[in-house]
Amino acid sequence: MLVVGAILDIEGARPAYVRFRHGRVAEVGAFGTEGRRRGERVVRGIVVPAPVNAHTHLGDSVSVREPPPGPVSELIQPPHGYKFRLLANASHAEKVTAMRAALRRMEKEGVAVTVDFREEGRPGVELLREAARGSSVRVLALGRPLARPVDRSELARLLAVADGVGLSSARDESDDTRLRVARACRASGRKFALHASEAVRERPERYLDPHPDLLVHLAKATPDDLAAVRDDRVSVAVCPRSNALFARQPDLGAMERLGLSVLIGTDNAMFHAPSIWREMEFAYVASRLRRRPVSAAFLARAALVEPWVWLGEPESALVVPGMPGTPMVLRLPPDDPAYQVVTRTTEHLMARSTPGTRRRRTARG
Ligand SMILES: [Zn+2]
């Protein structure tokens, strides 16, 4: 398959062609120099690294109803919030089935990796692993120990199956809990992440100490807080749709201006489908609605580039022959790639580059 149009990756957007062989990138070159081969399928479009969903709670997909009214604290606060009651009342089989369906949806939308906050201790992570078996979506499972004060052996058992820990927030947890969890994650080479400044502003001195690998939300952070996060070189996962449900928004314009490393995620699966493309479009439009516009290029980076850098795999964000994995082909007009990708991508515009799954339709852009 030959894609003629543009590449949008870690090096930005540029006119180009990409030739695929057996689903892998075989050749990349300057637009207009591609040369045609007989019988080769030609698609006009944009080639991008596979997206990463940087923040999910897939376990929440057991709920399929409109969330009840009330403040977010009553809905998602551990251990007695609405979502924790739902999780407690759902059977193992129900949770696995719901998580599997959520992963299938992500698979269809081309998501390569999801970074999931999995509550319910080690058994919670084990259910997620069971749901993800056979899925093409790689799951980075950030589990949560149950006992407070933190029990050393419980934490060790959790980290034996999890990729790290995702805590509720600095406000919900003691300094001692954060310290113990961060230390154990660091010692075992795992990730330490937590929510921060979601419903109310929290002081950066607290959520930046001990040094986390990832902060989620920062919807209530001030520009000074954001500068402190940037100076400590901590990445942030933003979830604009989830925040909007409770009348708040991360200041994406300020994050871009200040030069933060921003990733994007879809948060609680009980509120929204885990669609990274819908999240990106909403983020773009909502930032303009608030008159704090963020660029499409910044949001595209948040889904397609920054998470790969965060994972320590920047080579997955560069479209070249021999790159790991398969980039996505989007049948979109290639003239302004970031804007097109952020505002228009839907599942039916994804062209499959692997033989056997190819579609009959030709590209219209
Ligand atoms: Zn969350």
Side-chain angles (χ1 to χ4, degrees), residues 1-53 103-114 134-138 274-278 280-281 296-297 299-301 303-305 307-308 313-365:
M1 182 171 83
L2 172 67
V3 183
V4 180
I7 291 174
L8 173 62
D9 66 3
I10 195 166
E11 292 189 341
R14 57 201 174 275
Y17 77 87
V18 178
R19 187 164 263 125
F20 287 84
R21 211 165 288 132
H22 308 297
R24 304 297 299 265
V25 176
E27 206 182 306
V28 169
F31 182 83
T33 66
E34 58 274 10
R36 302 293 164 101
R37 292 177 189 167
R38 259 198 27 214
E40 188 174 46
R41 184 164 67 125
V42 181
V43 170
R44 180 169 173 259
I46 304 167
V47 180
V48 300
V52 173
N53 191 334
L103 284 164
R104 208 171 302 129
R105 168 146 194 182
M106 295 173 123
E107 212 169 84
K108 286 213 169 102
E109 294 197 338
V111 169
V113 184
T114 185
S135 171
S136 66
V137 181
R138 194 204 318 170
S275 168
I276 199 71
W277 307 105
R278 293 174 77 165
M280 268 195 275
E281 180 182 11
L299 293 173
R301 272 191 77 86
L304 308 170
V305 172
W308 291 113
E313 303 169 27
E315 61 279 4
S316 294
L318 178 65
V319 178
V320 287
M323 71 181 287
T326 301
M328 296 198 70
V329 178
L330 303 171
R331 289 185 284 112
L332 287 164
D335 309 279
D336 186 354
Y339 184 69
Q340 289 295 321
V341 167
V342 166
T343 61
R344 287 176 204 222
T345 302
T346 53
E347 190 193 324
H348 77 284
L349 292 174
M350 295 167 194
R352 310 289 158 181
S353 56
T354 38
T357 54
R358 71 187 257 183
R359 297 185 175 187
R360 277 212 199 124
R361 280 181 57 189
T362 50
R364 287 276 163 78

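Position 1 is the first residue of the sequence, and the numbers go up from there. If you're wondering where the values come from, they're calculated on a predicted model, not measured in any experiment.
- Proximity of Leu2 to Arg37: side-chain heavy atoms (C-beta onward) are nowhere separated by under 4.5 Å.
- Here the closest non-hydrogen pair linking Val25 and Phe20 is CG2-CE2, 4.0 Å.
- For Trp308 (side chain) and Ala50 (main-chain N/O), a donor-acceptor pair under 3.5 Å exists by modelled atom type.
- In this structure Glu107 satisfies the salt bridge (Lys or Arg N to Asp or Glu O under 4.0 Å) test with no other residue, sequence neighbours excluded.
- Between Pro327 and Val319 the shortest heavy-atom distance is CB-CG2, 4.2 Å.
- Between Pro49 and Ser316 the shortest heavy-atom distance is CB-O, 3.6 Å.
- Nearest heavy atoms, Gly110 versus Pro51: O-CD, 3.3 Å.
- To the nearest 0.5 angstrom, Met280 atom CE is 5.0 Å from Leu304 atom CG.
- Looking at Asp9 and Val320, their side chains never come closer than 4.5 Å, going by heavy atoms from C-beta outward.
- Residues Pro314 and Ile10 are in side-chain contact: their nearest non-hydrogen atoms beyond the backbone lie under 4.5 Å apart.
- Rounding to the nearest 0.5 angstrom, the gap separating the CG atom in Leu330 from the CD1 atom in Ile46 is 6.5 Å.
- Pairing each heavy atom of Ser275 with each of Arg105, the nearest pair is CB-NH2, 4.1 Å.
- Using modelled atom types, one side-chain atom of Arg14 and one backbone atom of Gly12 make a donor-acceptor pair closer than 3.5 Å.
- One N or O on the side chain of Glu34 and one on the backbone of Gly32 form a donor-acceptor pair closer than 3.5 Å.
- Residue Arg24 places its CZ atom among more than 12 non-hydrogen atoms of other residues, nucleotides or ligands, all under 6.0 Å distant.
- Within the 4.5 Å cutoff, the side chain of Arg44 has heavy atoms near those of the Pro334 side chain.
- Contact of the Thr346 side chain with the Glu281 side chain is not registered, since no non-hydrogen atoms from C-beta on lie closer than 4.5 Å.
- Between Leu332 atom CG and Thr345 atom OG1 the span is 5.0 Å, to the nearest 0.5 Å.
- Note that the CE atom of Met350 and the NZ atom of Lys108 stand 12.0 Å from one another [nearest 0.5 Å].
- With a 4.5 Å cut-off on side-chain heavy atoms, Met323 and Leu318 do not count as touching.
- At least one side-chain heavy atom of Ser353 sits less than 4.5 Å from a side-chain heavy atom of Thr326.
- Residues that satisfy the salt bridge (Lys or Arg N to Asp or Glu O under 4.0 Å) test with Arg138, not counting sequence neighbours, are Glu313.
- The minimum heavy-atom distance linking Val341 with Val48 is given by the pair CG2-CG1, 4.1 Å.
- Taking CE from Met106 and OG1 from Thr114, the interatomic distance works out to 3.5 Å, rounded to the nearest 0.5 Å.
- Rounding to the nearest 0.5 Å places CE of Met328 at 6.5 Å from CZ of Arg352.
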